[in-house]
Amino acid sequence: MQLDKHKDTSIDGLKERVLELAKRRGFLWPSYELYGGVAGLWDYGPFGAMLKHRVESAWRDIFVVGESALPIETPTIGVEELFLASGHLSNFVDLIVECVNCHTALRADHVVTEYLKSRGIAADLCDPGIAGACVPSSEKTQQQIDSHGITCPDCGGPLGKVHDFNLMFTTHIGPGTQRKGYLRPETAQGIFADFPRLLRFHRDRLPFGVAQIGKSYRNEISPRQGVIRLREFTQAEAEVFVDPREKNHHPRFDEVANVEINILSKDFVGTASVKSACERNIIAHEYLAYYIARCQEFFIRVGVRESRLRFRQHLPDEMAHYAVDCWDAEGLTQHGWIELAGIADRTDYDLKQHERQSGLQMAVFVPYEAPKEVERIVVRPNMGYLGPKYKGKAKQVAAFLSGIRHPEGAIVFDGQVVDPEGYAIETVRESISGDFVTPHVIEPSFGIDRSIYTILEHAYDEDTIDGERRVVLRLSPHIAPVEVAVFPLVKALNEKALEVFRLLRRAGLLVEYDDSGTIGRRYRRQDEIGTPFAVTIDHETIENSTVTVRDRDTTKQVRSSIESLADVLREMLVRGFDKQSS
RNA sequence: GCGGUAGUGGUGUAGUGGCAGCACAAAGGCUUCCCAAGCCUUUAACCCGGGUUCGAGUCCCGGCUACCGCACCA
């Protein structure tokens, strides 16, 4: 895949430089540094928080406003039932056993299964009776290790005690006999739990999307790579509920059909439009393709470089067992290709699971265009006959008879032929006006923190201005924490400059004022935090009420009247410095 | 969690047992000033806890954090 033409990744120690800048300029700080810090927890400093806020706004524009999705907010604390249903309580657990000799941490269940398989013994480590997939039990696994004397596969040393490691943080809800609570490992489950209300809110129609931006938590064993793997992180997730029969017909597919994306899949590597990817079955259906295209639109808007963005299809063995197709949006950084978003077809797995756990129906009644007339054969019990004959059992017999769909020959109940007088076989005509459908879920899910790191790295650049090395963050104007800086050329002009500053602030621009030191130093400071434009009040301003507007990327300047300044800047922020009509 | 390496002002660093230096940044001032100029002044640091020692930034032990490798990442 080709790299950006105007910029490559050849800066030495880019990772370190970006992080150094991010720390120094108030984007990212290690949390609780005062007390030595904690791995996997990071603060957003003032510019970082504003940047993040704007990234989330851009996401909201595209995935909530642009899709007429329903925005909701659910608690970060979830109850036990929620994660029993989702499978996180059983599947989000690792059984860890450590080798006493070489101290390697191993997946205990894997060690046992491998050992038994190699000796042709069937392994059953699972706890029965829990909804969802197989749950390896720590007791059974421990037993197997003890009874077979299983040792470390690496060095042959003895193994320690098996212990659970659930990646969810636990807590307690309320005092006294406490109810268990868990910090959510994804925001999605809160949406699924609200499904019946959401469906009613949307007046029982499909399709509809629901979106949530919020914190999620995973107690990572060993978080690394700065903000790439966090224990507390922000997700932006949309769950789009769709009739499974309609997955290949997105109503707005035309809008995105020609969007070109970089694809890495088992069948295809290269660039293609989402339309052709769909037609060639590279992407399973239009809904996935549609959201992949929107995903690309989002990343480009916030400043991820298109040439360093790709969509990678999950291999069958890395896909969650319920998904039919899943794509990761990946950004190329100094940490390699990292996952920024996932667009998955979660099918009806989650809703079915919550149906089972809660006992409530999670289906939508989808009416036919016209009611269908169907003929059906029914067995109608004759209670006048059955009552006296079967007495107390009559009700049971009647229910049995009513349940028969295809009566053939004599009907036998409880080993005895039921007298034909006890029922009548009739053909009835019925009008059916629709089906109950459990919607499938298409889920675009974004890691906001990773995206922000990628944005920073892709924006970081060093160039030379008048022989001086300059560090510049080429941030997208959509997400820059400051849009315009205002400077008096010399301190004597500060009154006029403050006037302009207040004018622009009132006009709703994100604007910063600075009158310290020399003008060059102030420009460079704004370059480092990615401020797209700087307005300077000079001596000419006093004469004719014009100011200079300086472009971050080229350092070129144009003059603009104060009167039209706010409009000129707004236009530049949208169209770019050169394309505005002044 | 294991192994290796490291942790000194805001940032980058020097300092191998005896007064903690430098550069950049920041704040104030001078300079009539459109791209990190200069000058003066000022602020500001040994990751945490034990131990050894008359004395520890320095040596030892433990912890925390970061980077690299291993393992983990439904």
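Because the structure is predicted, anything quoted here is derived from the model rather than measured. Per chain, numbering begins at 1; letters A, B, ... match sequence-line order.
- Nucleotides B:U41 and B:U58 are separated by 33 Å at their P atoms, to the nearest Å.
- As rounded to the nearest Å, B:G50 and B:C72 have C1' atoms that lie 32 Å from one another.
- Rounded to whole Å, the distance from CZ on A:R524 to P on B:C24 is 16 Å.
- Atom name C1', nucleotides B:U5 and B:C40: the rounded distance is 43 Å, in whole Å.
- In this structure, A:I465 reaches the sugar-phosphate backbone alone: every heavy-atom distance under 4.0 Å involves primed, P, OP1 or OP2 atoms, never a base.
- We find that CG of A:L21 is positioned 14 Å from C1' of B:G12, with the value rounded to whole Å.
- Interface remark: the A:Q557 side chain does form a donor-acceptor pair with the B:C34 base, using a distance-only criterion of under 3.5 Å.
- In summary, of the residues considered (A:D328, A:L264, A:I343), a side-chain contact (heavy atoms from CB on, under 4.5 Å) with A:F311 occurs for A:I343 alone.
- A donor-acceptor contact closer than 3.5 angstrom links the side chains of A:R525 and A:S516.
- Residue order along RNA chain B, read from the 5' end via each residue's closest nucleotide, puts A:S516 first among A:E186 and A:S516.
- Atom-to-atom, CD of A:E220 to P of B:C72 comes out at 13 Å; the value is rounded to the nearest Å.
- Below the 3.5 angstrom threshold, one finds no donor paired with an acceptor across the side chain of A:R522 and the base of B:C35.
- The side chain of A:V38 sits closest to B:U65 out of B:U65, B:C34, B:A37.
- Contact check on A:R521 versus A:D514 returns no salt bridge, with no Lys/Arg side-chain nitrogen under 4.0 Å from an Asp/Glu carboxylate oxygen.
- Note on A:R521: a side-chain N or O is less than 4.0 Å away from OP1 or OP2 of B:A25.
- As judged by a 4.0 angstrom heavy-atom cut-off over every strand, A:D538 is placed among the base-contacting residues.
- Distance noted for atom C1' between B:A44 and B:C24: 14 Å (whole Å).
- In this structure, B:A36 forms no base pair with any nucleotide, since neither Watson-Crick nor G-U wobble geometry is met with both distances under 3.5 Å.
- B:C30 and B:G15 have their P atoms separated by 40 Å, given to the nearest Å.
- For A:T555, no side-chain nitrogen or oxygen approaches OP1 or OP2 of B:C35 to under 4.0 Å.
- Separation of the C1' atoms belonging to B:C19 and B:G62 is 31 Å when rounded to the nearest angstrom.
- In this structure, the CZ atom of A:R525 is 15 Å from the C1' atom of B:C34, given to the nearest Å.
- Distance from the side chain of A:R24 is smallest for B:G10 among the nucleotides B:C73, B:C34, B:G10.
- A 3.5 Å limit on both hydrogen-bonding distances identifies no Watson-Crick or G-U partner for B:C19.
- Using a 4.0 Å cut-off between charged side-chain N and carboxylate O, A:D461 and A:R474 make a salt bridge.
- Under the Watson-Crick and G-U wobble criteria, each requiring two contacts below 3.5 Å, nucleotide B:U52 is left unpaired.
- Counting only heavy atoms from C-beta on, A:E468 has its side chain closest to B:A36 among B:A36, B:C73, B:U65.
- Going from atom CG of A:L41 over to atom P of B:C64 covers 14 Å, rounded to whole Å.
- Side-chain to base pairing of A:R229 with B:C72: one donor and one acceptor N or O lie within less than 3.5 Å of each other.
- If you check B:U32, B:C34, B:C35 against the side chain of A:H539, the one that comes closest is B:U32.
- For a distance-only test at 3.5 Å, the side chain of A:Y35 fails to qualify as a donor-acceptor partner of the base of B:C48.
- Other residues, nucleotides and ligands contribute over 12 non-hydrogen atoms within 6.0 Å of the CD atom of A:E80.
- Rounded to whole angstrom, the span from the CZ atom of A:R25 across to the C1' atom of B:G10 amounts to 10 Å.
- Pairing partner, B:G1: B:C70, with both Watson-Crick or wobble hydrogen-bond distances short of 3.5 Å.
- The partner of B:A26, taking Watson-Crick or G-U wobble pairs whose two distances both stay under 3.5 Å, is B:U42.
- A close approach under 4.0 Å does occur between a side-chain nitrogen or oxygen of A:K15 and OP1 or OP2 of B:C68.
- No contact: A:E339 has no heavy atom under 4.0 Å from any strand.
- Checking A:K491 against A:E20, the closest nucleotide of RNA chain B that is more toward the 5' end is the one next to A:E20.
- B:G49 and B:C67: their C1' atoms are spaced 24 Å apart (whole Å).
- Counting distance only, with no hydrogens placed and no angle test, the side-chain atoms of A:D466 and the base atoms of B:C35 include no donor-acceptor pair under 3.5 Å.
- Taking atom CZ of A:R17 as the reference point, atom C1' of B:C67 lies 17 Å away to the nearest angstrom.
- Atom CH2 of A:W29 and atom C1' of B:U65 are 18 Å apart (whole Å).
- Base pairing of B:A6 is made with B:U65, judged by Watson-Crick or G-U wobble geometry with both donor-acceptor distances under 3.5 Å.
- Taking the charged nitrogens against the carboxylate oxygens, A:K496 and A:E499 do have a contact shorter than 4.0 Å, which makes a salt bridge.
- Looking only at atom types and distance, the side chain of A:Q334 has no donor-acceptor partner in the side chain of A:E16 under 3.5 Å away.
- Under the 4.0 Å criterion applied to side-chain N and carboxylate O atoms, A:E81 and A:R179 are assigned as salt-bridge partners.
- The gap from the C1' atom of B:U11 to that of B:A45 amounts to 12 Å, rounded to the nearest Å.
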